[in-house]
Student: 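Following this message is one structure expressed as structure tokens.
Fair warning: this is a prediction, and the values are worked out from it, not measured in the lab. Here is how names work: the chains are called A, B, and so on, in the same order as the sequence lines, proteins then strands, and each is numbered from 1.
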Amino acid sequence: QNIKLAVTDLVGLEELQREFEPFKKELERVTGLGIDFLPVTNRTAALEALRFKKVDFLLAGPAEYVVMQKRANAKVVVGLYRPNYYSLVVVKADSPIFLIQELKGQRIGVGSVGSTSRHLGPIQLLASAGLEPLKDTQITHTNLRLAWEGLKKGDLQAVGMGRSDLEGFLAQEPKDQQNAYRVLARSGDLPNDLLMVGEHVPQQTLEQMRKAIVDHSASLIASIAQGGDYVKRYQGMRFLMSIADKDYNLVRTMYRTAGYPEYSEFIGN
Amino acid sequence: MTEKSPVNLPARFERPSPGSLLAFLAFVALLAWSISAAGISVSELLTGLPNMAKIASEMMPPATDRLQPMMYSVWVTFQMALVGTVIGIGISLPLAVLMSRNYTPHQVVRAFIRSLVSFIRTIPDLAWALFFVASVGLGPFAGTLTLVMDTIGFCARFFAESIEEVEEGPPEALAAIGASKLSVILCAILPMSMPSLINTGLFALEKAVRSSVVLGLVGAGGIGAELATSMELFRFDQAATIILMIFLLVLGVEKVSSRARTSLLKKRQ
Amino acid sequence: MTEKSPVNLPARFERPSPGSLLAFLAFVALLAWSISAAGISVSELLTGLPNMAKIASEMMPPATDRLQPMMYSVWVTFQMALVGTVIGIGISLPLAVLMSRNYTPHQVVRAFIRSLVSFIRTIPDLAWALFFVASVGLGPFAGTLTLVMDTIGFCARFFAESIEEVEEGPPEALAAIGASKLSVILCAILPMSMPSLINTGLFALEKAVRSSVVLGLVGAGGIGAELATSMELFRFDQAATIILMIFLLVLGVEKVSSRARTSLLKKRQ
Amino acid sequence: MSVSINHPGEGVALRVHGLSKCFAGATHPVWSDVSFDIPQGQRVAIIGGNGAGKSTLLRCCMRLIEPDTGEVYFGNHNISGLRGQALSRVRSRVGFIFQKHNLVNRLSVLTNVLHGGMAWARTPRMWFQGIAACEHREYALHCLEQVKLAHLSKQLAGELSGGQSQRVAIARALMQKPDMIFADEPVASLDPQAGEDVMQVFSNLAHTQSLTLVFVTHHLEHAVRYADRVLGLQNFGLSLDAASHSLSASQLRGMYD
Amino acid sequence: MSVSINHPGEGVALRVHGLSKCFAGATHPVWSDVSFDIPQGQRVAIIGGNGAGKSTLLRCCMRLIEPDTGEVYFGNHNISGLRGQALSRVRSRVGFIFQKHNLVNRLSVLTNVLHGGMAWARTPRMWFQGIAACEHREYALHCLEQVKLAHLSKQLAGELSGGQSQRVAIARALMQKPDMIFADEPVASLDPQAGEDVMQVFSNLAHTQSLTLVFVTHHLEHAVRYADRVLGLQNFGLSLDAASHSLSASQLRGMYD
Ligand SMILES: Nc1ncnc2c1ncn2[C@@H]1O[C@H](COP(=O)(O)OP(=O)(O)OP(=O)(O)O)[C@@H](O)[C@H]1O
Ligand SMILES: Nc1ncnc2c1ncn2[C@@H]1O[C@H](COP(=O)(O)OP(=O)(O)OP(=O)(O)O)[C@@H](O)[C@H]1O
Ligand SMILES: [Mg+2]
Ligand SMILES: [Mg+2]
């Protein structure tokens, strides 16, 4: 009997969506379980699958975890920490805006709704600077690449994104343009990605999985990084054992700030 | 004419050429292989029906809390879809003539335009959106242009098909009169293929409304973005409302246009 | 027959009824309003062309680093698309007959099936994916089912249109013979609308290949997920490769099928 | 009017009573209040100017077009009240040869003829000659032979000449083994010899199998020679109903002035 | 063969030389090596059995179907070598009445007739009667009057009876003000009176305007009465070419045995 492991919406881990074979092999080897590895490009589908017990494990981001807690009782197996996982608000270098408060009344591009580093993080940055993002600014949800073009053309005054996104954009700009953008604000590191397990999975399987990951974390991470060019992205990654639900209260706060209070109830309150 | 020799019954089937027999067998084998690869299981589908019902029940009753903004979005979407479709149809008609088997000025032109239209279709919406955002910036114009491309990819091909399927007698008669190609197209091909052209055009309009997600991507608002957000946040009741609204819009357009069509087609020139 | 009275020229145009005149004016007004709302500006488009070229240059040369896995994905996608389309067409044909103006058993049946098919079309892919994920889990089967629904929404409608457009003489002749409706459909309608049916079916196959993003939604892999990921990683050179591959596949299918079609249509029964 | 009054007696193959038809949007009716009885085995020619409504009359009798008023009886069956299977059964007894032939162009000649067999064998094997029973295929070929077209049985119907496709339409009607034939200008596109042959075939069937024949024609000689009775349509109604032996072709020419 | 040899002399309206045609997949040619000259103003009847290739011959002359070999001259123009505008110009001088009429069903009768005017006025105003010049509309109506159909000018062509649509096709050809008319069984669906009228109109044009008339017919009386010369197609070739005064209808019947 194979276990089903789905992966979704890991910003910065997109490679894993298509080059998962080494990781899957490694995970099978260390856990001794057969694994059906299912990369899913949409988190809604992945979460519904977990809720309807069609998937056993789900590797997802913090925003997914919060939603999943609300919709079904998923447990955490391990967390996945990546250094330099934070949100930015970027403006053009020649922009007159130097304080985040100056974004009041401006048009700001962010990623699709519910993305931790591209939507929730940047919104929270605005909020912590004292703005009311939904009232004081015009938030435009879009594909970030489009937002980037919009920033260049001046349609948008600022764009919220993750750290790795900015690196990706800059790498594609011509040399003389790479210093044409300025980080207006950056957040602290965001909560961790994590591996969730559906409530229907026997405790024993869960333990088996958790133990295997703990014991072989180095080789598993190495296997993710086997994508050649992308090795660098995954440097410094590690698995974390002690994940508490309250670590994600930050994300719940972000949901509230972003205007989705339904996902902001703190567990245990 | 009047061969009196006893005539035999024709063969029941013409013996297929070895080539076509081989091609046929290859197709059947491919299909069988594909079906087995698709993991089709009717029993699984049947046992899963209750889950489907559960999701459907989550859509009931459709949410009414955001009715007004949604209605506005639908309206905006319809307007942009209308413009995109009208422009797209205008461009498609000459392309269709150029790429139709019987009215192309030259086979090379035909092959080129056909491939071009196929190519336009193959390029995904997001890529078109990117092109247009880079050139005209975020906003309704970029969205409309994307819809125009969508419409061309679809309409040019189906218009060409309609043109090819017109019964050849009447156009032949006009050619025998010495009418120019343009006259033949306008006086015979166009009236004769009119019902089919109108149907295709209406479908294109419907398609544009449905694919309005791209309008959201380029920051032009529209109902597609609303729908995507509802789904992302598991507000299936809101999603249901939006789907119903689009459905009603589509039905309404069909009603109005089927009336317009009957009165238009009856018109005696 | 032989009225010798001097006959006058008919009016150039029939006076339109006040209702239809009003409807026409309303349409023109709506269109004008929509066009102004769409913010169309040709000059902007022209000045933006260099930017477009720049984006296009980002796609050149297409990346070859992932050629092999991409080719595999294309193949898998094609297989699933084929299965989905074949099943979808099989279901569409009877639906099309039931919803066609002239062969429906009853106007109520027609209205119902028509609405049903419109509704199937209106429900977005993601919603179908959710339904099927909930019932059959993540994987190719859910993806295939989604493609089946897509195909039904498209084919049933266009098949019905083809059926309605068949010249009425030959079916009338079979009806006069006393043939059953089924016989009329199979012996007259089907052969006469065959070219159009084949064209629609091929387009549905192409559409399924192109819309293979949904396969990614449900974790069935395929080229759509590759494309989405490439875009997500802002690797437009990879995206270009994928688009080209899909394009070649589509061209190939068209070539093969246009051959098959000519030989099929010539066949003498 | 009660059915018992209109109900035709023994031996009446077709009764038309008070039939009227006006196309939507037309100022005049095509014709109105047309009534006649045709005994079994009679050969009737319908004549009239272009647009007098001959084709419309035949169609209305079969309810391929709905007449506005009036009733049509085939034997004892009032066709106006019938639907579905029952309507099909009545229609299947009547071979209808259309003015525009109405063949299925993309199928072979033999298949087109075979379709006539659906009148008496409701089997899917009548759909295509490739799957039909041997005796049915042979009978279809026999019908083709009667119109001298057996050598073209493999050709596509869409690739025939005008006269050839009319002959196929005739063969299809023969294939029905009908009790009655409605023929709308059946020899208009035929060469003179073929025209005579076809009219002869019809007449023979009328004599030997007491087939009832109703044919529209513009050949007045044919009307006089091959019909027992001539009906004339003119001025929006039935203006002539006479035995053909009382008429001559030149007399009939008066109809058209 | 060099062009100078085939080039027709003064007064030859149509020269057909060595024409052959075999349809793809057919075992026999339709006909081969057909040659004849038609002087201007001559009225020529083409007769032959169904499938003898009469319609195909007319089509090949106009290059609506490409013949396999041979040449066709209209006056001095070798139509085989022409393309585009030049081909159109030659075709525009010939009115072609098709066996299947080939009207545009969804347009009105008057518009269909008006289309014939594209032969001499290449203006977009010929496309629809609603936008045509007044004198052109009046001329179209005049052509309709010649076939006694002026009262139906508003009707849709698709709603005509068989004979009516044939008349519209004839009116369309008249609208062309042609030098030559190719008529493929122009009176097959017409009632006797209308048939005579139409043949009379053609004959008058031949006399008064020295119109060259080539018509296919199965009415042997017409062939004898309205033609100066009769061509017969049989056995895959031209088997008869004689002046009509030397022939009688009953003699011609021999062609079909
Ligand atoms: N669908 C239609 N809509 C309106 N009018 C029609 C329609 N069909 C036929 N008509 C008209 O009805 C009249 C009778 O047509 P019908 O075809 O019955 O004539 P017909 O006697 O068969 O003539 P013909 O000898 O030319 O075949 C004609 O004037 C024709 O224009
Ligand atoms: N498209 C085609 N493909 C193959 N054969 C054809 C095609 N068109 C016509 N034919 C054949 O060519 C022959 C001549 O046809 P054509 O239409 O010229 O005859 P016709 O002399 O006009 O006969 P009719 O008097 O019946 O009109 C016929 O045997 C016909 O079957
Ligand atoms: Mg008629
Ligand atoms: Mg012919």
Side-chain angles (χ1 to χ4, degrees), chain D residues 23-28 30 47-56 98-101 147-149 151-152 154-156 159-168 184-185 187-198 216-221 223 233-234 249-250 252-257, chain E residues 23-28 30 47-56 98-101 147-149 151-152 154-156 159-168 184-185 187-198 216-221 223 233-234 249-250 252-257:
Chain D
F23 281 108
T27 46
H28 297 289
V30 183
I47 63 171
N50 292 134
K54 306 177 293 298
S55 303
T56 307
F98 288 84
Q99 192 170 8
K100 286 181 181 162
H101 316 172
V147 293
K148 310 239 170 67
L149 222 58
H151 59 293
L152 291 185
K154 274 168 72 175
Q155 191 149 333
L156 288 190
E159 295 176 348
L160 295 175
S161 81
Q164 286 167 346
S165 84
Q166 187 152 42
R167 294 190 200 191
V168 175
D184 197 352
E185 305 190 26
V187 302
S189 309
L190 298 193
D191 64 53
Q193 182 63 47
E196 298 290 335
D197 290 351
V198 164
V216 173
T217 191
H218 292 307
H219 280 254
L220 302 180
E221 298 78 18
L233 285 175
Q234 202 179 13
S250 46
L252 289 177
R253 275 300 296 274
M255 279 284 297
Y256 300 93
D257 296 328
Chain E
F23 281 108
T27 47
H28 298 289
V30 182
I47 63 170
N50 292 134
K54 306 176 293 297
S55 304
T56 307
F98 289 83
Q99 191 170 9
K100 287 182 180 161
H101 318 171
V147 295
K148 311 239 168 70
L149 222 59
H151 59 294
L152 290 185
K154 274 168 72 177
Q155 190 148 335
L156 288 190
E159 295 178 348
L160 297 175
S161 81
Q164 286 166 345
S165 85
Q166 188 152 41
R167 293 189 199 193
V168 175
D184 198 353
E185 305 190 25
V187 302
S189 309
L190 299 193
D191 64 52
Q193 182 63 46
E196 298 291 335
D197 290 350
V198 164
V216 173
T217 191
H218 293 306
H219 279 254
L220 302 181
E221 299 78 17
L233 286 175
Q234 200 179 15
S250 47
L252 289 176
R253 274 302 296 275
M255 279 283 298
Y256 300 94
D257 296 328

Student: Report which part of D/Leu190 has an atom under 4.5 Å of a heavy atom belonging to chain E: side chain, backbone, both, or neither.
Tutor: both
Student: Decide whether E/Ser161 and D/Asn50 meet the rule of one side-chain donor and one side-chain acceptor closer than 3.5 Å.
Tutor: no
Student: For each of D/Glu185, D/Gln99, D/Arg253, D/Met255, tally heavy-atom pairs with chain E at distances under 4.5 Å, and name the one with the top tally.
Tutor: D/Arg253
Student: Under the side chain to side chain contact (heavy atoms under 4.5 Å, CB included) rule, collect the residues that match up with E/Ser165, sequence neighbours excluded.
Tutor: E/His101, E/Leu103, E/Leu160
Student: Report which part of D/Ala188 has an atom under 4.5 Å of a heavy atom belonging to chain E: side chain, backbone, both, or neither.
Tutor: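 Both parts, backbone and side chain.
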Student: Heavy-atom pairs under 4.5 Å with chain D are the metric here; pick the option from E/Ser55, E/Ala194, E/Pro192 that has the most.
Tutor: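 Result: the option with the highest number of such pairs is E/Pro192.
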Student: Drop me the distance from E/Asp191's CG to D/Tyr256's OH, to the nearest 0.5 angstrom.
Tutor: 6.0 Å
Student: A side-chain contact here means heavy atoms from C-beta on lying under 4.5 Å apart; do D/Ile47 and D/Val216 qualify?
Tutor: no
Student: Could you check which of E/Gln193, E/Gln166, E/His219 has the highest count of heavy-atom pairs closer than 4.5 Å to chain D?
Tutor: E/Gln193
Student: Regarding E/Lys148 and E/Asp197, does a basic nitrogen lie under 4.0 Å from an acidic carboxylate oxygen?
Tutor: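 Result for this pair is yes, salt bridge flagged.
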